[in-house]
Student: 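Dropping a structure here in structure tokens format, bear with me for questions.
Residue numbers start from 1 in every chain, and the chains themselves are labelled A, B, ... in the order their sequence lines are given, proteins ahead of strands.
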2 protein chains.
Amino acid sequence: MNERNDLNGISQQTLRRLPFYLSYLQGRLSGGETTISAAAIARALGLNEVQVRKDLALISTSAGRPKTGYQLEGLVSDIESFLGYKNIDEAILVGAGQLGRALLSYQGFSKYGLNIVAAFDNDPQLEGRELHGKTVFPLYKLIDLTRRLKVRIGIITVPADQAQQICDMLVEAGVLAIWNFAPVKLIVPGSIMVQNENMAASLAMLSRHLNERFTE
Amino acid sequence: MNERNDLNGISQQTLRRLPFYLSYLQGRLSGGETTISAAAIARALGLNEVQVRKDLALISTSAGRPKTGYQLEGLVSDIESFLGYKNIDEAILVGAGQLGRALLSYQGFSKYGLNIVAAFDNDPQLEGRELHGKTVFPLYKLIDLTRRLKVRIGIITVPADQAQQICDMLVEAGVLAIWNFAPVKLIVPGSIMVQNENMAASLAMLSRHLNERFTE
DNA sequence: TAGATTGTTAATCGATTAACAATC
DNA sequence: TAGATTGTTAATCGATTAACAATC
């Protein structure tokens with residue numbers, strides 16, 4: 001499950017912190033400031049100062065300057081570029097059930113550089129319908145259509161027991177990256193990236209916190 | 001951001017693997033099998049054998065037996081209990097925008113032990129409306145209503161710059177755990193758990209994979 | 001008994017943090 | 001210059017993996 005813990009030398013951990021840096025720095029920038037120190041960022045986000053410097057060094061194009069700190073504007077731009085927010089990628093979504101529809105309904109992905117262009121589902125009732133402005137196609141059209149649209153990202157929101165099968169179709173259709181919401185380890189060729197989204201883990205964390213007294 | 005990396009002695013990493021164990025084991029169980037070895041689980045999920053044993057030792061009530069392996073049924077039950085899927089917690093959601101509505105529309109949370117009972121938003125247009133069967137209340141009713149309902153989980157789906165303010169209200173209303181979708185470090189009293197959901201990081205990962213050639 | 005499989009103790013690896021030198 | 005702040009090298013810490021003893 002951890003075959004690939006880094007991407008161009010950047011660790012998952014660093015990557016997970018970047019959206020927090022970005023949000024905080026955007027706030028400071030719109031507050032009219034122009035520079036910021038690693039110490040200030042660390043304090044605001046509850047991180048270690050050195051960790052902040054190391055993270056920023058990995059992604060920023062211009063170095064910070066002693067005594068002044070980092071240029072806010074450049075930093076914000078660097079993080080946005082790094083996170084891929086500046087280029088839009090197209091995706092198709094497979095599995096127009098509850099979760100799939102929830103994702104289709106969320107317009108906010110464009111901010112993150114993602115645009116879902118179509119949905120697929122094997123329910124004949126859904127065939128041809130529009131959900132949140134996106135057409136639902138039958139599953140047998142998946143490979144052909146995805147190929148023709150040259151879509152590079154596939155989103156899997158089908159039940160766990162169908163996930164691998166859908167994954168195989170996506171691979172055949174030529175996608176290069178898969179965002180997988182099923183709690184299943186997907187087998188893919190090495191060149192294809194699978195990113196698992198694990199809301200179940202977050203919820204488990206909350207639930208355990210509430211029931212802590214039972215667990216000792 | 002990492003103040004609390006473990007919960008009753010279990011690491012975040014282990015916790016993130018549990019939903020994958022569960023899904024795989026459920027599949028084997030419904031396939032009619034009764035026992036399973038750590039090696040088989042490790043192979044199926046691409047993990048290290050010892051890691052699997054250590055994870056299972058942390059959460060299971062009965063030990064595995066040499067030569068036989070683990071009892072599937074007991075293991076599934078133990079993981080479900082551990083993840084809190086067996087007891088339903090009630091939650092309120094604040095911020096009925098795109099993301100908030102997407103979450104409201106998702107009925108699948110009940111499987112994970114979560115039941116969203118109401119939504120709050122400061123848009124007067126939404127006041128009193130039903131979204132996916134849940135009533136949207138104005139923000140000024142948040143504290144009183146949450147308290148009276150004795151809701152223990154708050155879900156934050158407002159823009160980043162409002163997140164802390166909503167968080168403070170939730171704390172005042174007596175929630176014990178917060179599921180935060182805004183990329184903001186929330187300041188809370190020590191007894192309250194904040195769980196950040198970071199879809200932006202997943203998307204960044206995918207986006208970077210697609211654009212890898214640009215990054216060297 | 002022999003061998004498969006578990007659980008544990010020790011070694012390794014990577015990420016975080018501390019110490020410190022460089023520099024504006 | 002002095003001091004704030006950066007970037008880097010070394011130490012620490014925790015998670016993963018390897019080696020191995022225990023046991024059904």
Side-chain angles (χ1 to χ4, degrees), chain A residues 1-18 20-21 25 28 33-72 74-75 78-79 185 198 201 205, chain B residues 1-18 20-21 25 28 33-72 74-75 78-79 185 198 201 205:
Chain A
M1 209 122 66
N2 304 316
E3 306 89 3
R4 181 123 186 229
N5 194 36
D6 70 309
L7 197 56
N8 297 124
I10 191 174
S11 73
Q12 285 239 16
Q13 286 86 333
T14 294
L15 195 56
R16 297 187 71 80
R17 287 189 288 268
L18 291 179
F20 288 84
Y21 292 139
L25 296 172
R28 304 308 294 249
E33 288 157 72
T34 57
T35 62
I36 187 134
S37 75
I41 299 174
R43 215 176 311 121
L45 300 180
L47 299 172
N48 179 290
E49 224 181 292
V50 180
Q51 190 170 58
V52 173
R53 283 199 203 98
K54 288 201 166 167
D55 285 346
L56 297 185
L58 284 170
I59 57 103
S60 79
T61 52
S62 61
R65 293 185 4 162
K67 189 100 168 143
T68 348
Y70 301 84
Q71 294 296 320
L72 261 176
L75 215 45
D78 285 345
I79 298 176
K185 151 89 176 180
N198 198 344
M205 214 82 91
Chain B
M1 209 122 67
N2 304 316
E3 307 89 4
R4 182 124 187 228
N5 194 38
D6 70 308
L7 196 56
N8 298 124
I10 190 173
S11 73
Q12 285 241 16
Q13 286 87 332
T14 294
L15 195 57
R16 298 188 70 80
R17 287 189 288 268
L18 290 179
F20 288 82
Y21 292 138
L25 296 172
R28 304 307 295 250
E33 287 158 73
T34 57
T35 62
I36 188 136
S37 75
I41 299 174
R43 215 176 311 120
L45 300 180
L47 299 172
N48 179 290
E49 221 181 295
V50 181
Q51 190 169 59
V52 172
R53 282 198 205 99
K54 288 202 167 168
D55 285 345
L56 297 185
L58 284 170
I59 57 102
S60 78
T61 50
S62 60
R65 293 185 3 161
K67 188 99 168 146
T68 351
Y70 301 84
Q71 293 297 319
L72 262 176
L75 216 44
D78 285 346
I79 298 177
K185 153 87 177 180
N198 197 344
M205 213 80 92

Student: Does B:R17 make a side-chain N or O approach to OP1 or OP2 of D:dT16 shorter than 4.0 Å?
Tutor: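 So the side chain of B:R17 is within the cut-off, an N or O lying under 4.0 Å from OP1 or OP2 of D:dT16.
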
Student: Grab the CG-P distance between B:N48 and C:dC13 for me, whole Å please.
Tutor: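 So the two atoms are 13 Å apart, to the nearest Å.
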
Student: Let me check something: any side-chain donor-acceptor pairs from residues 43-50 of chain A under 3.5 Å, sequence neighbours excluded? List them with distances.
Tutor:
from: A:N48; atom 1: OD1; to: A:V50; atom 2: N; distance (Å): 2.7
from: A:N48; atom 1: OD1; to: A:Q51; atom 2: N; distance (Å): 3.3
from: A:E49; atom 1: OE2; to: A:R53; atom 2: NH2; distance (Å): 2.5

Student: Would you name the heavy atoms of B:P66 and B:G64 that are closest together and state the gap between them?
Tutor: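 Result for this residue pair: CD-O, 3.9 Å.
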
Student: Along nucleotides 2-9 of chain C, 5' to 3', which nucleotides get a B, which get an S, and which get a -, given that the test is a protein heavy-atom distance under 4.0 Å?
Tutor: -BSBBBBB

Student: Which residues pass the side-chain hydrogen bond (donor to acceptor under 3.5 Å, both in side chains) test with A:Y70, not counting sequence neighbours?
Tutor: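 A:Y70: no side-chain hydrogen bond (donor to acceptor under 3.5 Å, both in side chains) contacts found.
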
Student: Under a 3.5 Å cut-off on both pairing distances, which runs of 3 or more consecutive Watson-Crick or G-U pairs involve DNA chain C?
Tutor: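 Looking at DNA chain C, the stems formed by three or more consecutive pairs are C:3-24 with D:3-24.
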
Student: Can you list every pair that meets salt bridge (Lys or Arg N to Asp or Glu O under 4.0 Å) and has a residue in residues 56-66 of chain A, with sequence neighbours left out?
Tutor: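 Residue pairs with at least one partner in residues 56-66 of chain A: there are none.
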
Student: Could you state the CZ-C1' distance from A:R16 to C:dT16, rounded to the nearest angstrom?
Tutor: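 Rounded to whole Å, this separation is 17 Å.
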
Student: Grab the CD-P distance between B:Q12 and C:dA15 for me, whole Å please.
Tutor: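 In whole Å, C:dA15 P and B:Q12 CD are 16 Å from each other.
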
Student: Under the side-chain hydrogen bond (donor to acceptor under 3.5 Å, both in side chains) rule, collect the residues that match up with A:T61, sequence neighbours excluded.
Tutor: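 Partners of A:T61 by the side-chain hydrogen bond (donor to acceptor under 3.5 Å, both in side chains) criterion, ordered by chain and then number, come out as A:D78.
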
Student: Can you name the residues that form a side-chain contact (heavy atoms from CB on, under 4.5 Å) with A:T35, not counting sequence neighbours?
Tutor: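 side-chain contact (heavy atoms from CB on, under 4.5 Å) list for A:T35, sorted by chain: A:T68, A:Q71.
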
Student: Given atom CD of A:Q51 and atom P of D:dG14, what is their separation to the nearest angstrom?
Tutor: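 Value for this atom pair: 14 Å.
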
Student: Who pairs with A:D55 by side-chain hydrogen bond (donor to acceptor under 3.5 Å, both in side chains), at least two apart in sequence or on another chain?
Tutor: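 With neighbours one apart ignored, the set is A:T14, A:R17, A:Y21.
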
Student: Could you tell me the separation between the CD atom of B:Q13 and the P atom of C:dG14, rounded to a whole number of Å?
Tutor: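 After rounding, the gap between these two atoms is 15 Å.
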
Student: Could you work out, with side-chain hydrogen bond (donor to acceptor under 3.5 Å, both in side chains) as the rule, every residue matching B:R28, not counting sequence neighbours?
Tutor: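 In terms of side-chain hydrogen bond (donor to acceptor under 3.5 Å, both in side chains), with neighbours along the sequence ignored, B:R28 is linked to B:Y24, B:E33.
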
